[in-house]
Amino acid sequence: MKLSARIAAPVAALVLAGLTATACAPQTSDTSAKGDEKSGTLRVWLFQEVGNKPKEKVVDDAVAAFEKSHKGTEVEIEYIPVDTRAQRIKAAFNDPKSAPDLIEYGNSDTAGYVKDGGLADVTTEFGAWEEAKDTDPIAKQSVTVGDKVYGAPFFVGVRALYYRTDVFEELGIEPPKSQAELISTAKKVRKAKPDLYGLAVGGAYTYGAMPFIWSHGGEIAGETGGTYKSGINSEKARKGIEAYTSLFGDDNCPAAKCASMGGNATVTAFASGKAAMAIGGDFSHAAVEAGSVKGKYAVVPLPGVAPNSIAPAFAGGNNIGVLKSSSHRTLAVELMKSLTSKKTQAEMFDAMGFLPTYTDVLDNAAKKQPFVAPFVQTLGAGAKFVPASPAWGQIDASLVLPTMFQEIVSGRKDVAQASDDAAKKMDAAFTDAG
(Lines give C-alpha, C1' and ligand atoms only; values in the text may rest on other atoms or scores of the structure.)
Protein backbone atom coordinates (compact mmCIF):
# COMPACT_ATOMS: atom_id res chain seq x y z
CA MET A 1 0.00 0.00 0.00
CA LYS A 2 1.24 3.45 -0.87
CA LEU A 3 0.29 6.31 1.44
CA SER A 4 0.67 9.91 0.34
CA ALA A 5 0.63 13.22 2.20
CA ARG A 6 -1.16 12.74 5.48
CA ILE A 7 -1.75 16.41 6.14
CA ALA A 8 -1.61 17.11 9.85
CA ALA A 9 -3.79 20.20 10.01
CA PRO A 10 -5.33 20.89 13.43
CA VAL A 11 -8.96 20.91 12.41
CA ALA A 12 -11.96 20.28 14.63
CA ALA A 13 -13.85 17.07 14.14
CA LEU A 14 -16.84 18.83 12.69
CA VAL A 15 -17.42 16.08 10.21
CA LEU A 16 -20.01 14.50 12.67
CA ALA A 17 -22.11 17.65 12.78
CA GLY A 18 -23.17 17.27 9.16
CA LEU A 19 -20.69 19.22 7.10
CA THR A 20 -21.74 21.55 4.33
CA ALA A 21 -19.87 23.09 1.45
CA THR A 22 -18.38 26.51 2.04
CA ALA A 23 -17.49 27.35 -1.53
CA CYS A 24 -19.19 27.08 -4.88
CA ALA A 25 -17.73 26.01 -8.19
CA PRO A 26 -19.08 26.15 -11.73
CA GLN A 27 -21.19 23.28 -12.92
CA THR A 28 -18.83 20.63 -14.22
CA SER A 29 -18.94 19.60 -17.84
CA ASP A 30 -18.41 15.96 -18.81
CA THR A 31 -16.91 14.18 -15.81
CA SER A 32 -17.84 10.71 -16.98
CA ALA A 33 -15.08 8.12 -16.94
CA LYS A 34 -13.68 6.61 -20.11
CA GLY A 35 -13.38 2.86 -19.59
CA ASP A 36 -13.30 0.73 -16.45
CA GLU A 37 -9.78 -0.48 -15.69
CA LYS A 38 -9.55 -3.63 -13.58
CA SER A 39 -6.08 -2.93 -12.14
CA GLY A 40 -3.81 0.00 -11.34
CA THR A 41 -3.77 2.67 -8.66
CA LEU A 42 -6.85 3.88 -6.80
CA ARG A 43 -6.61 7.28 -5.14
CA VAL A 44 -8.72 8.06 -2.06
CA TRP A 45 -9.24 11.31 -0.16
CA LEU A 46 -10.34 10.94 3.45
CA PHE A 47 -10.79 13.62 6.12
CA GLN A 48 -8.01 14.42 8.54
CA GLU A 49 -9.31 14.08 12.11
CA VAL A 50 -8.01 15.52 15.33
CA GLY A 51 -5.92 12.58 16.52
CA ASN A 52 -5.87 10.84 13.15
CA LYS A 53 -3.60 7.85 13.89
CA PRO A 54 -6.36 5.46 15.06
CA LYS A 55 -8.34 6.20 11.89
CA GLU A 56 -5.25 5.58 9.77
CA LYS A 57 -4.72 2.18 11.39
CA VAL A 58 -8.26 1.01 10.63
CA VAL A 59 -8.08 2.31 7.06
CA ASP A 60 -4.64 0.76 6.51
CA ASP A 61 -5.95 -2.65 7.60
CA ALA A 62 -8.97 -2.41 5.28
CA VAL A 63 -6.79 -1.32 2.36
CA ALA A 64 -4.24 -4.09 2.95
CA ALA A 65 -7.02 -6.70 2.82
CA PHE A 66 -8.43 -5.08 -0.33
CA GLU A 67 -5.05 -5.07 -2.10
CA LYS A 68 -4.47 -8.71 -1.14
CA SER A 69 -7.75 -9.77 -2.72
CA HIS A 70 -7.33 -7.54 -5.81
CA LYS A 71 -4.00 -8.44 -7.39
CA GLY A 72 -2.40 -5.71 -9.48
CA THR A 73 -4.21 -2.99 -7.53
CA GLU A 74 -2.61 -0.38 -5.31
CA VAL A 75 -4.38 2.16 -3.10
CA GLU A 76 -3.12 5.64 -2.25
CA ILE A 77 -4.71 7.34 0.74
CA GLU A 78 -4.48 11.09 1.26
CA TYR A 79 -5.92 12.76 4.37
CA ILE A 80 -7.19 16.23 3.55
CA PRO A 81 -8.07 19.08 5.96
CA VAL A 82 -11.79 19.41 6.62
CA ASP A 83 -11.77 23.19 6.39
CA THR A 84 -10.47 23.22 2.80
CA ARG A 85 -12.35 20.17 1.56
CA ALA A 86 -14.95 22.13 -0.40
CA GLN A 87 -12.41 23.88 -2.59
CA ARG A 88 -10.37 20.72 -3.21
CA ILE A 89 -13.32 18.47 -3.94
CA LYS A 90 -15.03 20.91 -6.29
CA ALA A 91 -11.72 21.50 -8.07
CA ALA A 92 -11.42 17.72 -8.50
CA PHE A 93 -14.89 17.61 -10.02
CA ASN A 94 -13.75 20.17 -12.60
CA ASP A 95 -10.42 18.45 -13.35
CA PRO A 96 -11.01 14.70 -13.69
CA LYS A 97 -7.38 14.00 -14.57
CA SER A 98 -6.21 15.05 -11.10
CA ALA A 99 -9.27 13.77 -9.23
CA PRO A 100 -9.23 10.82 -6.82
CA ASP A 101 -11.38 7.74 -7.37
CA LEU A 102 -13.15 7.97 -3.99
CA ILE A 103 -13.81 10.71 -1.45
CA GLU A 104 -15.11 10.97 2.06
CA TYR A 105 -17.69 13.72 2.27
CA GLY A 106 -20.06 15.27 4.81
CA ASN A 107 -23.53 13.84 4.38
CA SER A 108 -25.21 17.23 4.00
CA ASP A 109 -22.98 17.83 0.93
CA THR A 110 -24.58 14.98 -1.03
CA ALA A 111 -27.15 16.94 -3.03
CA GLY A 112 -24.69 19.70 -3.92
CA TYR A 113 -22.05 17.26 -5.11
CA VAL A 114 -24.62 15.39 -7.18
CA LYS A 115 -25.72 18.64 -8.83
CA ASP A 116 -22.08 19.42 -9.59
CA GLY A 117 -21.91 16.12 -11.45
CA GLY A 118 -19.09 14.78 -9.32
CA LEU A 119 -20.49 11.63 -7.69
CA ALA A 120 -21.21 8.36 -9.46
CA ASP A 121 -24.65 6.77 -9.24
CA VAL A 122 -24.10 3.46 -7.43
CA THR A 123 -27.78 2.59 -6.94
CA THR A 124 -27.50 -0.84 -8.58
CA GLU A 125 -24.37 -1.90 -6.70
CA PHE A 126 -25.69 -0.62 -3.36
CA GLY A 127 -28.98 -2.43 -3.87
CA ALA A 128 -27.22 -5.72 -4.62
CA TRP A 129 -24.83 -5.43 -1.64
CA GLU A 130 -25.92 -7.85 1.09
CA GLU A 131 -24.56 -5.76 4.00
CA ALA A 132 -26.38 -2.64 2.79
CA LYS A 133 -29.70 -4.26 3.68
CA ASP A 134 -28.93 -3.53 7.36
CA THR A 135 -28.20 0.16 6.77
CA ASP A 136 -30.14 2.51 9.05
CA PRO A 137 -32.83 4.25 6.92
CA ILE A 138 -31.70 7.73 7.99
CA ALA A 139 -28.11 6.89 7.02
CA LYS A 140 -29.29 5.61 3.63
CA GLN A 141 -31.25 8.83 3.13
CA SER A 142 -28.00 10.77 3.47
CA VAL A 143 -26.57 9.13 0.32
CA THR A 144 -29.81 9.39 -1.63
CA VAL A 145 -30.92 12.15 -4.00
CA GLY A 146 -34.25 11.54 -5.71
CA ASP A 147 -34.33 7.76 -5.99
CA LYS A 148 -30.61 7.36 -6.73
CA VAL A 149 -27.80 6.35 -4.35
CA TYR A 150 -24.49 8.21 -4.55
CA GLY A 151 -22.20 6.49 -2.09
CA ALA A 152 -22.25 4.47 1.12
CA PRO A 153 -22.69 5.79 4.67
CA PHE A 154 -19.43 5.75 6.67
CA PHE A 155 -20.65 6.80 10.12
CA VAL A 156 -23.48 8.73 11.72
CA GLY A 157 -23.60 11.24 14.55
CA VAL A 158 -26.49 12.57 16.66
CA ARG A 159 -26.82 14.84 19.68
CA ALA A 160 -28.31 14.29 23.12
CA LEU A 161 -28.43 16.08 26.49
CA TYR A 162 -25.31 16.09 28.67
CA TYR A 163 -26.01 17.09 32.29
CA ARG A 164 -24.03 17.50 35.51
CA THR A 165 -24.97 14.75 37.94
CA ASP A 166 -23.28 16.52 40.87
CA VAL A 167 -25.21 19.76 40.30
CA PHE A 168 -28.53 17.94 39.85
CA GLU A 169 -27.97 15.91 43.01
CA GLU A 170 -27.03 19.01 45.01
CA LEU A 171 -30.18 20.83 43.87
CA GLY A 172 -32.41 17.76 44.20
CA ILE A 173 -33.57 17.80 40.59
CA GLU A 174 -34.04 15.07 38.00
CA PRO A 175 -33.12 15.07 34.30
CA PRO A 176 -35.90 16.86 32.36
CA LYS A 177 -38.51 14.69 30.68
CA SER A 178 -40.08 17.32 28.40
CA GLN A 179 -38.97 20.46 26.60
CA ALA A 180 -40.86 22.65 29.06
CA GLU A 181 -39.04 20.90 31.92
CA LEU A 182 -35.74 21.37 30.11
CA ILE A 183 -36.27 25.12 29.93
CA SER A 184 -37.52 25.45 33.51
CA THR A 185 -34.70 23.24 34.83
CA ALA A 186 -32.09 25.34 33.02
CA LYS A 187 -33.46 28.49 34.62
CA LYS A 188 -33.74 26.85 38.04
CA VAL A 189 -30.06 25.90 37.93
CA ARG A 190 -29.05 29.37 36.79
CA LYS A 191 -31.00 30.95 39.64
CA ALA A 192 -29.42 28.66 42.23
CA LYS A 193 -25.94 28.86 40.71
CA PRO A 194 -25.48 32.19 38.87
CA ASP A 195 -21.92 31.25 37.93
CA LEU A 196 -23.26 28.48 35.66
CA TYR A 197 -25.22 28.49 32.44
CA GLY A 198 -28.26 26.31 33.09
CA LEU A 199 -28.18 25.00 29.54
CA ALA A 200 -25.40 26.23 27.27
CA VAL A 201 -26.98 27.34 23.99
CA GLY A 202 -25.54 29.11 20.96
CA GLY A 203 -26.98 31.52 18.45
CA ALA A 204 -24.72 29.93 15.85
CA TYR A 205 -25.59 26.37 16.88
CA THR A 206 -27.90 25.41 14.01
CA TYR A 207 -27.92 21.68 14.74
CA GLY A 208 -28.61 22.25 18.43
CA ALA A 209 -31.62 24.42 17.60
CA MET A 210 -33.19 22.14 14.97
CA PRO A 211 -34.60 19.61 17.49
CA PHE A 212 -36.67 22.40 19.06
CA ILE A 213 -38.18 23.23 15.67
CA TRP A 214 -38.79 19.60 14.71
CA SER A 215 -40.25 18.63 18.09
CA HIS A 216 -42.97 21.27 17.63
CA GLY A 217 -43.86 19.78 14.25
CA GLY A 218 -42.01 22.41 12.23
CA GLU A 219 -39.79 21.72 9.24
CA ILE A 220 -36.75 23.49 7.85
CA ALA A 221 -38.18 23.15 4.35
CA GLY A 222 -40.72 21.12 2.42
CA GLU A 223 -40.40 19.44 -0.96
CA THR A 224 -43.01 19.07 -3.67
CA GLY A 225 -42.17 17.59 -7.05
CA GLY A 226 -38.47 18.13 -6.55
CA THR A 227 -38.92 21.80 -5.58
CA TYR A 228 -38.09 22.99 -2.06
CA LYS A 229 -39.74 25.79 -0.14
CA SER A 230 -38.74 27.05 3.29
CA GLY A 231 -40.90 26.06 6.24
CA ILE A 232 -38.95 28.03 8.83
CA ASN A 233 -41.66 30.68 9.16
CA SER A 234 -44.58 28.28 9.67
CA GLU A 235 -46.59 28.52 12.88
CA LYS A 236 -45.15 25.25 14.22
CA ALA A 237 -41.57 26.16 13.33
CA ARG A 238 -42.00 29.53 15.06
CA LYS A 239 -43.05 27.78 18.27
CA GLY A 240 -39.80 25.85 18.20
CA ILE A 241 -37.81 29.00 17.48
CA GLU A 242 -39.51 30.74 20.40
CA ALA A 243 -38.68 27.81 22.71
CA TYR A 244 -35.00 27.80 21.71
CA THR A 245 -34.51 31.56 21.82
CA SER A 246 -36.20 31.73 25.24
CA LEU A 247 -33.04 30.16 26.61
CA PHE A 248 -30.99 33.26 25.78
CA GLY A 249 -31.02 35.71 28.65
CA ASP A 250 -29.62 36.45 32.09
CA ASP A 251 -31.88 33.73 33.52
CA ASN A 252 -29.97 31.00 31.61
CA CYS A 253 -27.35 31.89 28.98
CA PRO A 254 -26.85 35.67 28.54
CA ALA A 255 -27.27 36.76 24.93
CA ALA A 256 -24.15 38.93 25.09
CA LYS A 257 -22.06 35.80 25.65
CA CYS A 258 -24.13 33.06 24.05
CA ALA A 259 -25.50 34.63 20.84
CA SER A 260 -22.24 34.03 18.98
CA MET A 261 -21.54 30.54 20.33
CA GLY A 262 -21.59 27.52 18.07
CA GLY A 263 -21.82 23.86 18.95
CA ASN A 264 -18.16 23.44 19.86
CA ALA A 265 -18.31 26.42 22.22
CA THR A 266 -21.36 25.08 24.05
CA VAL A 267 -19.72 21.69 24.56
CA THR A 268 -16.51 23.38 25.70
CA ALA A 269 -18.52 25.40 28.23
CA PHE A 270 -19.97 22.18 29.62
CA ALA A 271 -16.68 20.25 29.61
CA SER A 272 -14.91 23.08 31.42
CA GLY A 273 -17.54 23.22 34.17
CA LYS A 274 -19.25 26.44 33.10
CA ALA A 275 -22.63 24.88 32.28
CA ALA A 276 -24.96 22.41 33.99
CA MET A 277 -26.29 21.09 30.66
CA ALA A 278 -25.35 21.10 26.99
CA ILE A 279 -26.60 19.55 23.76
CA GLY A 280 -23.67 17.51 22.50
CA GLY A 281 -22.99 14.66 20.13
CA ASP A 282 -21.71 11.14 20.62
CA PHE A 283 -18.60 12.65 19.04
CA SER A 284 -18.38 15.13 21.97
CA HIS A 285 -17.77 12.34 24.47
CA ALA A 286 -13.97 12.41 24.28
CA ALA A 287 -13.84 16.18 24.78
CA VAL A 288 -16.12 15.99 27.81
CA GLU A 289 -14.11 13.12 29.28
CA ALA A 290 -10.98 15.26 28.92
CA GLY A 291 -12.63 18.17 30.77
CA SER A 292 -13.07 19.06 34.41
CA VAL A 293 -16.51 17.38 34.58
CA LYS A 294 -15.14 13.88 34.02
CA GLY A 295 -16.96 11.50 36.35
CA LYS A 296 -19.61 14.10 37.18
CA TYR A 297 -21.96 13.92 34.21
CA ALA A 298 -24.43 11.68 32.42
CA VAL A 299 -26.27 11.74 29.09
CA VAL A 300 -29.96 11.29 28.27
CA PRO A 301 -31.88 11.85 25.02
CA LEU A 302 -32.93 15.46 24.48
CA PRO A 303 -36.59 15.57 25.52
CA GLY A 304 -39.34 16.51 23.10
CA VAL A 305 -42.50 18.52 23.70
CA ALA A 306 -44.60 15.65 25.06
CA PRO A 307 -43.51 14.18 28.42
CA ASN A 308 -41.13 11.22 28.05
CA SER A 309 -40.70 11.84 24.33
CA ILE A 310 -37.41 12.29 22.47
CA ALA A 311 -36.83 15.34 20.28
CA PRO A 312 -35.84 14.52 16.70
CA ALA A 313 -32.10 15.05 16.26
CA PHE A 314 -30.15 15.97 13.16
CA ALA A 315 -28.48 12.87 11.72
CA GLY A 316 -25.02 14.09 10.84
CA GLY A 317 -22.10 12.02 9.68
CA ASN A 318 -19.97 11.18 6.67
CA ASN A 319 -20.24 9.07 3.54
CA ILE A 320 -17.77 7.65 1.03
CA GLY A 321 -18.54 8.03 -2.65
CA VAL A 322 -17.06 7.11 -6.01
CA LEU A 323 -16.32 9.96 -8.39
CA LYS A 324 -18.04 9.83 -11.74
CA SER A 325 -14.68 10.54 -13.38
CA SER A 326 -13.00 7.41 -11.98
CA SER A 327 -11.52 5.16 -14.66
CA HIS A 328 -11.66 2.26 -12.15
CA ARG A 329 -15.38 2.24 -11.40
CA THR A 330 -15.74 -1.45 -10.53
CA LEU A 331 -12.67 -1.47 -8.31
CA ALA A 332 -13.64 1.85 -6.74
CA VAL A 333 -17.09 0.54 -5.79
CA GLU A 334 -15.50 -2.56 -4.25
CA LEU A 335 -13.11 -0.37 -2.25
CA MET A 336 -16.04 1.81 -1.16
CA LYS A 337 -17.74 -1.32 0.19
CA SER A 338 -14.56 -2.35 2.00
CA LEU A 339 -14.06 1.04 3.65
CA THR A 340 -17.71 1.22 4.77
CA SER A 341 -18.23 -2.46 5.59
CA LYS A 342 -19.59 -3.74 8.88
CA LYS A 343 -16.12 -4.91 9.89
CA THR A 344 -14.48 -1.55 9.15
CA GLN A 345 -17.25 0.44 10.84
CA ALA A 346 -17.05 -1.73 13.97
CA GLU A 347 -13.29 -1.16 14.10
CA MET A 348 -13.73 2.56 13.45
CA PHE A 349 -16.12 2.77 16.39
CA ASP A 350 -13.55 1.11 18.64
CA ALA A 351 -10.81 3.40 17.35
CA MET A 352 -12.59 6.75 16.99
CA GLY A 353 -16.02 6.43 18.61
CA PHE A 354 -17.79 7.00 15.27
CA LEU A 355 -21.30 5.51 15.37
CA PRO A 356 -21.85 2.70 12.83
CA THR A 357 -24.54 3.10 10.19
CA TYR A 358 -25.71 -0.54 10.31
CA THR A 359 -28.46 -1.28 12.82
CA ASP A 360 -26.90 -4.54 14.05
CA VAL A 361 -23.38 -3.11 14.36
CA LEU A 362 -24.81 -0.07 16.15
CA ASP A 363 -26.62 -2.30 18.66
CA ASN A 364 -23.39 -4.17 19.36
CA ALA A 365 -21.57 -0.87 19.87
CA ALA A 366 -24.18 0.20 22.44
CA LYS A 367 -23.70 -3.06 24.37
CA LYS A 368 -19.95 -2.61 24.32
CA GLN A 369 -19.92 1.05 25.40
CA PRO A 370 -22.80 2.18 27.67
CA PHE A 371 -22.29 5.88 26.83
CA VAL A 372 -23.60 5.16 23.33
CA ALA A 373 -27.06 4.08 24.55
CA PRO A 374 -28.74 7.56 24.68
CA PHE A 375 -27.57 8.29 21.14
CA VAL A 376 -28.84 4.95 19.87
CA GLN A 377 -32.17 5.69 21.56
CA THR A 378 -32.23 9.06 19.83
CA LEU A 379 -31.60 7.49 16.44
CA GLY A 380 -34.27 4.89 17.12
CA ALA A 381 -36.81 7.57 18.00
CA GLY A 382 -36.47 9.07 14.53
CA ALA A 383 -33.66 11.41 13.58
CA LYS A 384 -34.09 13.90 10.74
CA PHE A 385 -31.98 15.31 7.94
CA VAL A 386 -31.46 18.63 6.21
CA PRO A 387 -33.22 19.38 2.89
CA ALA A 388 -31.72 17.16 0.18
CA SER A 389 -31.19 20.18 -2.05
CA PRO A 390 -27.94 21.55 -3.47
CA ALA A 391 -29.09 24.88 -2.03
CA TRP A 392 -28.52 23.68 1.53
CA GLY A 393 -24.77 24.19 1.30
CA GLN A 394 -25.28 27.83 0.38
CA ILE A 395 -27.96 28.35 3.04
CA ASP A 396 -25.72 26.89 5.72
CA ALA A 397 -22.57 28.70 4.56
CA SER A 398 -24.50 31.99 4.45
CA LEU A 399 -25.50 31.52 8.10
CA VAL A 400 -29.18 32.10 7.33
CA LEU A 401 -30.47 30.32 10.44
CA PRO A 402 -27.80 31.61 12.87
CA THR A 403 -28.53 35.13 11.65
CA MET A 404 -32.22 34.57 12.37
CA PHE A 405 -31.55 33.34 15.92
CA GLN A 406 -29.14 36.18 16.62
CA GLU A 407 -31.57 38.81 15.35
CA ILE A 408 -34.20 37.46 17.73
CA VAL A 409 -32.04 37.14 20.86
CA SER A 410 -30.53 40.58 20.30
CA GLY A 411 -34.00 42.12 20.08
CA ARG A 412 -33.43 43.49 16.57
CA LYS A 413 -36.37 41.51 15.20
CA ASP A 414 -39.24 39.49 16.59
CA VAL A 415 -39.71 35.81 15.72
CA ALA A 416 -42.21 36.51 12.94
CA GLN A 417 -40.07 39.07 11.12
CA ALA A 418 -36.79 37.19 11.56
CA SER A 419 -38.29 33.89 10.36
CA ASP A 420 -39.99 35.58 7.39
CA ASP A 421 -36.68 37.15 6.37
CA ALA A 422 -34.88 33.83 6.77
CA ALA A 423 -37.55 32.08 4.68
CA LYS A 424 -37.07 34.60 1.85
CA LYS A 425 -33.31 33.98 1.82
CA MET A 426 -33.83 30.22 1.83
CA ASP A 427 -36.39 30.34 -0.98
CA ALA A 428 -34.07 32.47 -3.09
CA ALA A 429 -31.33 29.88 -2.61
CA PHE A 430 -33.69 27.02 -3.50
CA THR A 431 -34.76 28.88 -6.64
CA ASP A 432 -31.18 29.57 -7.68
CA ALA A 433 -30.27 25.92 -7.17
CA GLY A 434 -33.08 24.84 -9.48
Side-chain angles (χ1 to χ4, degrees), residues 14-21 104-115 119 123 126 132 135-160 205-224 226-232 234 236-237 240 263 279 281-283 301-302 304 310-321 340 354-359 362 375-397 400-402 422 426 429-430 433:
L14 294 174
V15 292
L16 288 161
L19 293 168
T20 49
E104 178 180 356
Y105 64 93
N107 64 13
S108 53
D109 286 337
T110 306
Y113 288 171
V114 169
K115 184 188 179 187
L119 294 175
T123 307
F126 190 88
T135 300
D136 181 90
I138 293 294
K140 183 179 179 183
Q141 182 186 347
S142 78
V143 292
T144 304
V145 177
D147 58 353
K148 305 292 185 182
V149 175
Y150 293 91
F154 189 30
F155 58 81
V156 67
V158 292
R159 293 165 176 82
Y205 193 5
T206 301
Y207 297 111
M210 282 180 174
F212 289 78
I213 295 170
W214 287 328
S215 65
H216 280 272
E219 294 292 345
I220 307 304
E223 182 262 338
T224 304
T227 300
Y228 281 87
K229 182 174 178 58
S230 174
I232 202 66
S234 71
K236 291 180 178 179
I279 300 167
D282 53 276
F283 44 87
L302 185 69
I310 297 175
F314 167 68
N318 282 9
N319 305 323
I320 290 181
T340 61
F354 294 167
L355 289 185
T357 65
Y358 301 98
T359 53
L362 188 59
F375 303 102
V376 175
Q377 283 181 268
T378 300
L379 275 174
K384 295 175 77 72
F385 197 57
V386 297
S389 164
W392 179 254
Q394 180 60 35
I395 291 167
D396 199 36
V400 173
L401 296 184
M426 291 175 69
F430 288 135

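All values below were derived from every heavy atom in this structure, side-chain atoms included, with hydrogens, water molecules and symmetry-related copies excluded. Position 1 is the first residue of the sequence, and the numbers go up from there.
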Subject >> From OH (Y205) to CD1 (I279), nearest 0.5 Å >> reply: 6.0 Å
**OP:** Check whether any side-chain N or O of T378 sits under 3.5 Å from a backbone N or O of P301 as a donor-acceptor pair, and report yes or no.
**Re:** no
Original post:
Rounded to the nearest 0.5 Å, how far does CD1 of I213 lie from NZ of K236?
Top reply: 14.0 Å
**OP:** Given side chain to side chain contact (heavy atoms under 4.5 Å, CB included), test T144 with Y150 step by step and report yes or no.
**Re:** CA-CA 6 Å; T144 304; Y150 293 91; over 6 Å; no
Original post:
If you look at every heavy atom in P211 and A313, which pair is closest and at what distance?
Top reply: CG-CA, 4.3 Å
**OP:** For the residue pair V156 and L379, establish whether any side-chain heavy-atom pair is separated by less than 4.5 Å.
**Re:** yes
Subject >> Side-chain heavy atoms of S108 within contact of D396, under 4.5 Å >> reply: no
Original post:
Any side-chain heavy atom of V386 within less than 4.5 Å of one from Y207?
Top reply: yes
Subject >> Exercise: identify the closest heavy-atom pair between M426 and I232 >> reply: SD-CG2, 4.0 Å
Subject >> Criterion side chain to side chain contact (heavy atoms under 4.5 Å, CB included) on K115 and V145, from CA distance to verdict >> reply: CA-CA 10 Å; K115 184 188 179 187; V145 177; over 6 Å; no
Subject >> Evaluation steps, side chain to side chain contact (heavy atoms under 4.5 Å, CB included), between D147 and T123 >> reply: CA-CA 8 Å; D147 58 353; T123 307; over 6 Å; no
Subject >> Contact check, side chains of R159 and F283, non-hydrogen atoms, under 4.5 Å >> reply: yes
Subject >> Side-chain touch F354/N318, heavy atoms, less than 4.5 angstrom >> reply: no
Subject >> Member of N319, T357, D136 meeting the side-chain hydrogen bond (donor to acceptor under 3.5 Å, both in side chains) criterion with S142 >> reply: N319
Original post:
Can you name the closest pair of heavy atoms from V158 and A383 and give their distance?
Top reply: CG1-CB, 4.4 Å
**OP:** Provide the closest heavy-atom pair for A315 versus N107 in the form atom of the first, atom of the second, distance.
**Re:** O-ND2, 3.3 Å
**OP:** Mind checking the OG1-OH spacing from T340 to Y358? Nearest 0.5 Å is all I need.
**Re:** 4.5 Å
Original post:
Taking the side chain as C-beta and beyond, is there a heavy-atom pair between T110 and Y105 under 4.5 Å?
Top reply: yes
**OP:** Could you tell me which non-hydrogen atom of F375 sits nearest to which non-hydrogen atom of D282, and how far apart they are?
**Re:** CE2-N, 3.2 Å
**OP:** Mind listing the closest non-hydrogen atom pair of A429 and I395 along with its distance?
**Re:** CB-CG1, 3.7 Å
Subject >> Heavy-atom check, side chain of P390 versus side chain of V114, under 4.5 Å >> reply: no
Subject >> Close side-chain approach of I220 to W214, heavy-atom, < 4.5 Å >> reply: yes
Subject >> Distance (rounded to the nearest 0.5 Å) between F155 CZ and I320 CD1 >> reply: 9.0 Å
Original post:
Would K384 and F314 satisfy side chain to side chain contact (heavy atoms under 4.5 Å, CB included), going step by step from the backbone distance to the final call?
Top reply: CA-CA 5 Å; K384 295 175 77 72; F314 167 68; over 6 Å; no
